[in-house]
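Heads up: numbering here begins at 1 and tracks the sequence.
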Amino acid sequence: MVDGGKIINEKAAENQIIGAAFGGIGMALMEEQNVDTKLGSLIGHDLAGYHFAVNADGPKIEVALINKPDFNINPNGAKGIGEVGIIGTAPAIANAQAFLSNMIR
């Protein structure tokens, strides 16, 4: 559920949120930084070997848009939603992992 003010292009807005959510999935489940313990340097310190999460890496995501203009933002009532989908995704996955690990104990 996203409040993006007046939605100018519904399909593009949904795709922005889905893409951002997969960014959050990748952040929570795929990102890591390893250190070479012998040299003390970072392993994988560039984007050459970085795996970006894509739609095939996760579930189908359904997006609902409120579509209520907010004229306090600008004259057409639209808001930016480019990164809104990433904000809660990684913390939600981390909380679910913590909850499940506590349930297993």
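One distance of note links CD of Glu14 with CD of Glu62; it measures 10.0 Å at 0.5 Å rounding. Here Ile18 contributes atom CD1 and Lys60 contributes atom NZ; the two are 7.5 Å apart, rounded to the nearest 0.5 Å. For the atom pair Gln16 CD and Asn9 CG, the distance stands at 10.0 Å (nearest 0.5 Å).
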* To do: Please lay out, stage by stage, how Leu42 and Asp36 fare under the test side chain to side chain contact (heavy atoms under 4.5 Å, CB included).
  => CA-CA 6 Å; Leu42 298 177; Asp36 183 336; over 6 Å; no
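Shortest non-hydrogen contact noted between Ala78 and Ile73 is O-CG2, 3.5 Å. Ala20 and Gly82 make their closest contact through CB-O, 4.0 Å (heavy atoms, listed as atom of the first residue, atom of the second, distance). Across all their heavy atoms, Ala90 and Ala28 have their closest contact at CA-CB, 3.9 Å.
Under a 3.5 Å cut-off, the side chain of Asn15 and the backbone N or O of Gly19 do not form any donor-acceptor pair. Panel note: side chain Asp3, backbone Gly5; a donor-acceptor pair is recorded below 3.5 Å.
Contact check for Thr89 versus Met27: no side-chain heavy atoms found under the 4.5 Å cut-off. Side-chain contact check for Ile61 versus Asn55: every heavy-atom pair is 4.5 Å or farther apart. Between Ile81 and Ile17 the shortest side-chain heavy-atom distance falls below 4.5 Å. Taking 4.5 Å as the limit, some side-chain heavy atom of Asp57 sits within range of a side-chain heavy atom of Met30. The closest side-chain heavy-atom distance from Gln97 to Leu29 is below 4.5 Å. No side-chain heavy atom of Ile43 sits less than 4.5 Å from a side-chain heavy atom of Val35.
Linking Ile, Leu, Val, Met, Phe, Trp and Tyr whenever their side-chain heavy atoms come within less than 4.5 Å leaves Ile86 and Leu65 in two separate clusters.
The number of heavy-atom neighbours closer than 6.0 Å to CZ of Phe99, taken from other residues, nucleotides and ligands shown, is 12 or below.
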